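Quick caveat, the model's predicted, so the values are computed rather than measured. Just so we're on the same page: letters track the sequence lines, and every chain starts at 1.
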Amino acid sequence: MSDNEAKSSSNFIKTIIAGDVAAGKNDSRVHTRFPPEPNGYLHIGHAKAIWINFSMAAEFNGLCNLRFDDTNPVKEEVHFIESIMEDIRWMGFDWDDRLFYASDYFPRLYDFAVQLIKMGKAYVCDLNAEEIRTYRGTLTEPGKNSPYRDRSVEENLELFERMKAGEFPDGSRTLRAKIDMASGNLNMRDPVIYRIMHATHHRTGDEWCIYPMYDFTHCLSDSIEGITHSLCSLEFEDHRPLYDWFLDQLGVFHPRQIEFARLNLSYTVLSKRKLLKLVDEGYVTGWDDPRLYTLAALRRRGYTPRAIRTFLERVGVSKRESVVAMADLEFAVREDLNKHAPRLMAVVKPLKVVLENYPEGQTEELDAINNPEDESAGTRKVPFSKVLYIERDDFMEDPPKKFFRLAPGREVRLRYAYFITCREVVRDDDGNIVELRCTYDPESRGGSSPDGRKVKATLHWVSAEHAVDATLRLYDHLFLVENPLATKEGEDFTVNLNPNSLEVVEGCKLEPAAGECVVGTTYQFERQGYFCVDSKDSSPDNLIFNRTVTLRDTWAKIAKSQQK
RNA sequence: UGGGGCGUCGUCAAGCGGUAAGACACCAGCCUUUGGAGCUGGCAUUCCCAGGUUCGAAUCCUGGCGCCCCAGCCA
């Protein structure tokens with residue numbers, strides 16, 4: 001992490017940890033972990049969990065491990081491991097040499113299970129999945145004991161050993177914890193802790209045909225690693241009694257589980273299932289489509305990790321289920337990019353301007369500031385000549401009140417260049433405006449006039465003969481409504497998709513320096529927004545930029561209110 | 001009469017018995033060679049509701065109400 005990111009404000013987890021540290025618990029040591037299952041791509045919701053775990057550790061001079069929770073071979077794939085690690089590193093966090101896998105602990109977990117059996121706290125159950133569900137009871141009625149619940153320790157030991165040896169088919173038996181079939185908490189009704197799965201695991205191969213369940217694995221993995229604070233999301237609150245039970249029964253190191261609310265963002269969806277549908281059904285181009293909020297998409301869109309961290313910091317941590325306004329995230333990127341992004345001039349929808357009194361064939365190199373917020377970014381030269389392009393939206397033949405830009409007879413400033421005055425509007429046969437004939441004031445070179453004359457607008461521009469062509473992808477919210485999941489009966493969230501979430505504009509005219517833009521840095525196209533070279537589709541002879549976010553557009557707001 | 005959790009500004013969110021931080025959004029103004037940025041000011045007499053305790057309550061107690069999660073051999 002860099003810069004002086006705002007020190008976090010208070011939150012309940014920090015308060016708890018600080019209390020534990022002050023009380024000398026675990027020798028005042030703080031150790032957390034981020035435990036993803038390698039079965040999908042990370043999104044900004046995971047970024048919150050990553051940030052909480054790593055930053056809590058950092059704040060208390062502790063450590064944070066990366067541990068892949070890989071206990072279900074049929075759902076997990078190696079390629080997710082690499083992408084998850086790449087995303088965490090991109091976010092700016094480092095687990096040093098503390099990369100672990102729950103599968104590393106399979107042998108020890110097996111021993112723990114045997115220990116439980118010997119203590120009479122676990123048994124092999126021959127009920128099938130359907131029967132187990134029936135025996136479990138319902139939310140309001142207690143369950144019934146399995147007929148296999150009272151097998152002898154010896155029989156359990158032998159059967160579990162045979163399960164491990166591969167003597168039984170998938171689903172035929174399970175190892176269950178013997179707790180309480182009448183518990184109000186369904187997780188305590190003799191939960192399954194091992195199931196038979198003749199599946200090849202991406203790390204352990206065919207060494208095992210029985211795999212431990214999450215509840216059993218997670219608490220013990222935390223314990224093995226000496227995790228002091230096991231931070232997870234709210235839905236695991238009901239599992240905490242079970243988390244504690246295993247650790248207490250086995251008498252091992254006992255981390256403290258603390259649950260917090262996951263992140264939700266307006267105008268988008270984050271659940272894996274929803275994202276999968278968008279990708280599978282072609283509503284977006286892939287998991288890294290810049291309209292999505294996966295970390296890969298955010299990266300491709302031009303977001304900086306620092307902006308995301310600041311955003312997370314401001315959002316905070318609590319147990320309240322909430323939806324954070326997309327505007328908060330957008331504010332954070334703008335804020336960061338404003339300070340760090342090099343400026344460039346780019347005309348999205350070009351309108352030709354001919355300066356009638358500018359010498360034919362002449363070219364000047366004008367000085368432009370790379371970043372007004374950062375003097376050390378220096379200056380660059382921008383070529384100027386007789387024929388230019390300005391933004392179509394910067395000219396109106398019959399301007400409404402408060403429109404300060406170019407109009408017939410009006411004078412404006414071309415940024416870093418000259419004052420120009422519109423003299424004539426040229427149309428094609430269909431009446432479309434195709435060109436503006438203007439004059440420039442040679443005395444105003446650089447953008448100010450010796451007589452102190454003021455103009456109300458400054459426009460960006462590009463010299464026609466020096467311009468670099470590019471395609472711009474203008475992204476807008478993927479959904480039209482704050483909560484895409486709120487639909488009428490029988491409707492699917494995809495009805496809320498924004499049909500205009502992507503506008504591709506070809507033939508955009510950029511200043512020459514845009515040809516040197518590199519993948520991985522985001523630039524500000526002055527008066528337009530922040531853009532970055534698309535990491536997948538752009539090439540030197542076919543430049544493609546993605547719009548990260550627009551600049552705040554006060555004029556748009558005024559224009560909109562004038563329409564009403 | 002199942003269990004667990006949550007209710008503070010439009011949106012997040014501090015606060016932990018001493019008289020409602022901050023951020024975003026919004027509004028007004030200043031400034032400006034990006035209608036960007038920046039700056040200034042405004043924006044909860046009130047904390048889901050009702051009682052109670054107390055000199056004093058968003059904070060404690062009691063009772064309501066509302067919302068979320070749990071019946072995978074998923075995590």
Side-chain angles (χ1 to χ4, degrees), chain A residues 6 9-11 15 35-37 39 69-72 74-76 125 127-129 132-134 136-143 170-176 182-189 191-197 210-211 213-215 217-218 232 234-241 259 261 266 311 313-332 334-335 338-339 343 345 368-369 372-373 402-405 413-417 419 444 446-448 455-460 482 524-529 550-559:
Chain A
S9 58
S10 166
N11 69 58
T15 303
E37 180 184 18
N39 71 342
D69 220 330
D70 55 349
T71 57
N72 189 349
V74 305
K75 289 198 172 181
E76 296 148 9
C125 181
L127 255 26
N128 63 35
I132 285 186
R133 189 180 337 126
T134 307
R136 183 156 36 222
T138 69
L139 292 179
T140 53
E141 301 158 42
D170 288 2
S172 61
R173 280 180 233 261
T174 57
L175 180 71
R176 294 227 254 164
S183 172
N185 182 344
L186 305 228
N187 294 121
M188 302 300 273
R189 319 241 264 226
V192 170
I193 58 183
Y194 263 94
R195 74 288 216 186
I196 301 173
M197 284 177 118
I210 56 173
Y211 291 94
M213 297 288 289
Y214 166 85
D215 287 303
T217 307
H218 205 87
C232 60
L234 250 32
E235 68 271 27
F236 291 103
E237 219 151 12
D238 289 340
H239 294 246
R240 191 176 40 201
E259 312 83 11
S266 63
F311 162 73
E313 177 70 60
R314 291 207 180 110
V315 162
V317 185
S318 77
K319 300 193 71 153
R320 259 189 269 174
E321 296 190 63
S322 58
V323 180
V324 175
M326 181 65 82
D328 285 39
L329 213 209
E330 295 181 339
F331 175 83
R334 286 195 187 100
E335 176 185 49
N338 174 52
K339 289 193 198 95
R343 314 280 123 133
M345 289 197 285
I369 295 167
E373 306 290 325
K402 291 196 180 170
F403 181 86
F404 303 147
R405 284 111 93 148
R413 171 171 38 235
L414 293 184
R415 176 146 236 227
Y416 301 128
F419 284 7
S444 63
S448 56
V455 288
K456 296 198 80 171
T458 299
L459 311 186
H460 60 280
E482 286 185 24
Q524 182 191 112
F525 288 176
E526 293 209 26
R527 302 210 305 132
Q528 294 290 162
T550 61
L551 247 29
R552 258 188 79 216
D553 190 349
T554 306
W555 164 241
K557 198 176 289 181
I558 294 169

Note to self: Need one value for P372(A): base, sugar-phosphate or nothing, where a base atom within 4.0 Å counts as base even if backbone is also close, heavy atoms only.
What the structure shows: base
Note to self: I want to verify a distance call: between U34(B), G5(B), U11(B), whose nearest atom is closest to the E237(A) side chain?
What the structure shows: G5(B)
Margin query: Distance check needed: C68(B) P versus D238(A) CG, whole Å only.
Written below: 15 Å
Next item on the list: May I ask you to decide whether R240(A) forms a salt bridge with E259(A), counting only side-chain N to carboxylate O separations under 4.0 Å?
Entry: yes
Next item on the list: Round to a whole Å and report the spacing from CD1 of I132(A) to C1' of C73(B).
Entry: 6 Å
Next item on the list: Please state how far atom CZ in R240(A) lies from atom C1' in C70(B), giving the value in whole angstrom units.
Entry: 14 Å
Next item on the list: Starting from P on C68(B), measure out to CZ on F236(A) and report it in whole angstrom.
Entry: 20 Å
Next item on the list: Would you kindly give the CD-to-P distance between E526(A) and G36(B), to the nearest whole Å?
Entry: 13 Å
Item checked: Y214(A) over A75(B), stacked by centroid distance under 5.5 Å, angle under 30° -> no
Next item on the list: Ignoring hydrogens and angles, answer whether the base of U34(B) and the side-chain atoms of Q528(A) contain a donor-acceptor pair closer than 3.5 Å.
Entry: no
Notebook entry, point to check: With both distances under 3.5 angstrom, what nucleotide forms a Watson-Crick or G-U wobble pair with A25(B)?
Noted result: none
Check: If you look at every strand shown and take non-hydrogen atoms under 4.0 Å, does R413(A) touch a base, only sugar-phosphate, or nothing?
Finding: base
Next item on the list: Please answer whether G35(B) and F404(A) are stacked, defined here as ring centres separated by less than 5.5 Å and planes angled under 30°.
Entry: yes
Checklist line | Length of the CD-P vector between E321(A) and C68(B), whole Å | finding: 9 Å
Item checked: Residue whose closest nucleotide on RNA chain B lies nearer the 5' end, E482(A) versus N187(A) -> E482(A)
Notebook entry, point to check: Which part of the nucleic acid does A129(A) contact within heavy-atom distance under 4.0 Å: base, sugar-phosphate only, or nothing?
Noted result: base
Check: Is G36(B) paired to anything, Watson-Crick or G-U wobble with both distances less than 3.5 Å, and if yes, which nucleotide?
Finding: none
Check: 5'-most contact on RNA chain B: T15(A) or S172(A), nearest heavy atom basis?
Finding: T15(A)
